[in-house]
Each structure stands twice: as C-alpha cells, then as structure tokens.
Amino acid sequence: LLIKLIKKSWVKLTGLFCDEHLGYREKVFAIIGIKVHAAALYANPSILNELTSLKGKSEIDIQGDPAFALPLEKSMQIVFVRDVDGKTFWDALDKAVSPRIKVPHVTDESALSTFRGIFQGRALKKGTSIFLTWLEPSRMLVLIASSGQSVGVDATIKSLNVTKALYNVFFGDAPVSPSLKASVSRGLAGAS
C-alpha cells in the first residue's frame, strides 16, 4: 500500500531510468565504474507550496539553499541494478552514515543497530527496491520490496541524527550519488 501511495499520489522529483534524470550509485573496482543501484526521490505534492524560496533559482543555487534539505515528508526509492548481499550494502551505507554523526547518542546507536539488522543475511537481488520514507525529520520508515512485492514496513528508524545523516549521504555536500542530487535539484527547479 505504501509503495502504491508513493508512486501514484506523490510527485517524482527524479527519474529512475530515463537518461535525462538518472540518479545512480557507481562503485569503482580497479579502474572500472560499475553501477550498483538507481534512485529516485518522491515527495507529496503539497510540499511544492513550501518551496517558494526555490522559485527561479538554478540547479546549483537550489543545492545550496536550506530548503533543499526538504524537512518535509518524502520518500527515496533505491532499485538495485545488480545482485548485492545485504551485508555489503549495509557496510557501504554505514561507512557513509556513521562519520556524519559527530557524537552518537544511545538512540543513534539503537537506530543504527535496527538499520543494520534489516540488511544482515538478506540478499538484495537485481530489481529489489528499498524505500526510505522520512515521515518527519526524526522518523523514517524502511521498506524492502523484492520483485515489486512487500510484506510491510521492515523497520522504523527513530533518530534525528541517523535520518539526517542518511539524507546527507545522498543529498549533502559529498553525496554518494552526485547524479541523484543533481537530478533532484533539476526536478525542484522545474517544480517550484
């Protein structure tokens, strides 16, 4: 139900597989870049009213604007374009998230442990989708769907530091997918 709600009633701020708005994560092995997953960001259309400060700005200006943090309800879909084991994905995600949390608190450690538990021992096959839905700045739902099928929410992450760090992994100063960040800023420039 959550997947259908997001895909049917929310505005897609990026495109998953169209060349113009492609957001992807590339991993370099030796000298070869290998695409690991594609991603898209969705937002409730009501947020467009909250983004008037972005009207008329360029992509680059939007990326530097505080409104780019989108402190409103949003969902990111990550689709794997190759098979990856859950531990490998978590290790890469943890390597990117943990340094962004300056002084972890007990709630942060608990949230990271919950997040880690979702991926341990899980195969993320080609076509698997992960939905990260920020309901509010300190609360995020994690849903994993294999072949478009989901059995429900896999976890709720309740930590402002963790949810903010995760958003910054994709949309902060040094994003793991610069193409996704650029695609979202293009989408916001066109939508605002």
Say you draw a straight line from [atom1] of [X] to [atom2] of [Y]; how long is it, rounded to the nearest 0.5 Å?
X	Y	atom1	atom2	result
Ser159	Glu109	OG	CD	9.5 Å
Leu143	Thr156	CG	OG1	10.5 Å
Met140	Lys164	CE	NZ	15.0 Å

Determine whether a donor-acceptor pair (N or O, by modelled atom type, separation under 3.5 Å) exists between the side chain of [X] and the backbone of [Y].
X	Y	answer
Lys181	Gly172	yes
Asn161	Ile101	no
Thr163	Pro137	yes
Asp83	Lys126	yes
Asn168	Ala165	no

Task: Intermediate values then yes/no, side-chain contact (heavy atoms from CB on, under 4.5 Å), Arg122 and Asp154 - done: CA-CA 12 Å; Arg122 179 176 258 176; Asp154 289 274; 3.4 Å; yes
Task: Test side-chain contact (heavy atoms from CB on, under 4.5 Å) applied to Ile144 and Ile118, step by step - done: CA-CA 9 Å; Ile144 300 174; Ile118 299 167; 3.3 Å; yes
Can you find a heavy atom in the side chain of [X] that is under 4.5 Å from one in the side chain of [Y]?
X	Y	value
Ile130	Phe80	yes
Ser98	Leu112	yes
Phe119	Leu124	yes
Leu180	Met76	yes
Phe170	Val176	yes
Leu141	Leu135	yes
Phe115	Leu132	yes
Ile78	Phe131	no

Task: Minimum-distance pair of heavy atoms, taken over all atoms of Ala155 and Thr114 - done: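 Scanning both residues completely, I find the closest heavy atoms to be CB-CG2, 3.8 Å.
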TODO: Could you pull out the closest heavy-atom pair between Asp94 and Pro99, with the gap in Å?
DONE: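 Asp94 and Pro99 have their closest heavy atoms at O-CD, 3.9 Å.
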Open item on the list: Let's go through Val169 and Arg100 carefully: what are the C-alpha distance in whole Å and the side-chain angles of both, what is the deciding distance for side-chain contact (heavy atoms from CB on, under 4.5 Å) to 0.1 Å, and is it a yes or a no?
Closed with: CA-CA 8 Å; Val169 163; Arg100 288 174 165 84; 3.6 Å; yes
TODO: Step by step, work out the side-chain contact (heavy atoms from CB on, under 4.5 Å) result for Leu93 and Lys95.
DONE: CA-CA 5 Å; Leu93 194 58; Lys95 185 177 176 183; over 6 Å; no
- [ ] State plainly whether one hydrophobic cluster holds both Leu160 and Leu166, where clusters connect Ile, Leu, Val, Met, Phe, Trp and Tyr through side-chain heavy atoms under 4.5 angstrom apart.
- [x]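 Per the 4.5 Å side-chain linkage, Leu160 and Leu166 are not co-clustered.
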TODO: Take Thr88 and Asp91 through the test side-chain hydrogen bond (donor to acceptor under 3.5 Å, both in side chains) and record every step on the way to the result.
DONE: CA-CA 5 Å; Thr88 300; Asp91 289 347; 5.7 Å; no
Task: Sequence-distant partners of Phe171, ring-ring contact (aromatic ring centres under 6.0 Å, His included), two or more places apart - done: Tyr167
